[in-house]
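Heads up: the structure comes next, in structure tokens.
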2 protein chains.
Amino acid sequence: MTDDGGLSPAELEAFFALEEVGSLLAHAVEQQLRSVGLTTVQFKILMSLFAAADGQLRMTDLADSLVVSRSGLTYQAGLLEKAGLIARAPSPDDDRSTTVSLTAGGRERIFAVLPGHMEVVRRLLLDPLSPEELGTLSGLLTRVRDHMRTDPPRSAAPRSRKK
Amino acid sequence: MTDDGGLSPAELEAFFALEEVGSLLAHAVEQQLRSVGLTTVQFKILMSLFAAADGQLRMTDLADSLVVSRSGLTYQAGLLEKAGLIARAPSPDDDRSTTVSLTAGGRERIFAVLPGHMEVVRRLLLDPLSPEELGTLSGLLTRVRDHMRTDPPRSAAPRSRKK
DNA sequence: TATTGTTATACTCTATAACTATA
DNA sequence: TATAGTTATAGAGTATAACAATA
């Protein structure tokens, strides 16, 4: 009658805990980002560029990795460009493409946010754990993340694959 | 120069893994919920009522626990009521308050979603872990969650607390 | 006076579809 | 023909402020 999908109590417990932890952490981070005038999406865009190998990405690749529509990314990129945090330029190899890159101002903004960002994470996530426990948690989550990445994202299908 | 807030590599690793796991899982769950005509917020509302001690909550308490504005909740409650999933009635003890409760249809909808919901969770989160690891993860996350709950949510301040 | 809930309103964001330019 | 990116547009959702009713 009360079919729960066959999950054990332990499984349900882990799931609900993860959902709540993720939700509370996301909210706290969002509040902190607001203090420097960034939304979560915008921060993700900046961090993606920051993490990119050569510091730049194509619009479409960026949209796909963030799982947003291209038009949605165009909108956000317009805001970030107007704020002087990113720059868009035609790609050298393919004239259809636009290459996005972080400006010096964008890098500064990242450095301006990170300390507070980390402080929130530390207070909410890290404080209650011992160093050993942190390592354990990190290891487990990394395994899960890697699995998520390789697993065909049937439920998080990329954009245009209209096939 | 590249101030990262003083977090160790292990801490950063745990943080980024958690952010990505939470993000990917949230997205997958959102896609699944869409198949039964619910948004994430609406599902959370239903689950909050389902989990409530006596199966009902005041509008304000519900809004606070979900960290949304009261007007925002009024909007969503209107949709859910129109869909016959919840019911609103004046509170017996306080005539200013409105008590929200799940209807039979609302309960049915929950049972309709849960199996698929759990399937997504199982595939993404639980599959790569052994039962022992699951227990460990669950324990750690539960600790973190409890800490988050007790810690003054300075960054997730409730609504009206205007001082 | 303070609180509960709703409403009116404006704004942000996102996606779909149409369009331009290039491959 | 297919792809990259933008634009026009429309829709969903959220919050602020004003309001009515009650404590």
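Throughout, a chain's letter reflects where its sequence line sits, starting with A, and its residues are numbered from 1.
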Between D/dA4 (P) and A/D64 (CG): distance, integer Å:
9 Å
Could you check whether B/S97 and B/R58, counting side-chain N and O atoms only, form a donor-acceptor pair closer than 3.5 Å?
yes
Which whole-number value in Å describes the distance from B/L62 CG to C/dT4 C1'?
14 Å
Side chain of A/S71, heavy atoms from C-beta onward: which of C/dT16, D/dA4, C/dG5 has the nearest atom to it?
C/dT16
Considering only side-chain heavy atoms of B/R70, which listed nucleotide, C/dG5, D/dA4, D/dT6, is closest?
C/dG5
Atom-to-atom span, CD of A/E30 to C1' of D/dT14 - whole angstrom:
11 Å
Closest to the side chain of B/R96, out of D/dA8, D/dT14, C/dT4, is C/dT4
Decide yes or no for B/R70 and B/M59: does some side-chain heavy atom of the first lie under 4.5 Å from some side-chain heavy atom of the second?
no
Taking D/dA15, C/dT6, C/dT14 as options, the one with an atom nearest any side-chain atom of B/S69 is D/dA15
Between atom CD in A/Q31 and atom C1' in D/dA15, what is the gap in whole Å?
12 Å
Would you kindly give the CG-to-P distance between A/L57 and D/dA4, to the nearest whole Å?
14 Å
Consider the side chain of B/R88, meaning its heavy atoms from C-beta on, and name the nucleotide among C/dT3, C/dT6, D/dT6 that approaches it most closely.
C/dT6
Rounded to whole Å, please give me the gap between OH in B/Y75 and C1' in D/dA12.
5 Å
Identify which nucleotide among C/dT22, C/dA15, D/dT7 has an atom closest to any side-chain atom of A/T74, counting heavy atoms from C-beta outward.
D/dT7
If each of B/S91 and A/L73 is mapped to the nucleotide of DNA chain C with the nearest heavy atom, which maps nearer the 5' terminus, i.e. the 5' end?
B/S91
For A/R109, the option from A/L80, A/L85, A/L102 that meets side chain to side chain contact (heavy atoms under 4.5 Å, CB included):
A/L85
Which of the following nucleotides, D/dG5, D/dA2, D/dG13, is nearest to the side chain of B/L79?
D/dG13
Apply the test side-chain contact (heavy atoms from CB on, under 4.5 Å) to residues A/L57 and A/S48: give CA-CA distance (whole Å), side-chain angles for both, the deciding distance (0.1 Å), then the verdict.
CA-CA 8 Å; A/L57 291 169; A/S48 293; 4.3 Å; yes
If each of A/D95 and A/T39 is mapped to the nucleotide of DNA chain C with the nearest heavy atom, which maps nearer the 5' terminus, i.e. the 5' end?
A/T39
Classify the angle between the aromatic ring planes of A/F111 and A/F50 as parallel (below 30°), tilted (30 to 60°) or perpendicular (above 60°).
perpendicular
Check whether any side-chain N or O of B/Q76 sits under 4.0 Å from OP1 or OP2 of D/dT14, and answer yes or no.
yes
Nearest whole angstrom, please: distance from the P of C/dT14 to the CD1 of A/I45.
8 Å
Among D/dG5, D/dT6, C/dT7, find the nucleotide with the atom closest to the side chain of A/T60.
D/dG5
Can you tell me the distance, in whole Å, between the NE2 atom of B/H27 and the P atom of C/dA15?
8 Å
So which nucleotide from D/dG5, C/dA15, D/dG13 ends up closest to the side chain of A/V68?
C/dA15
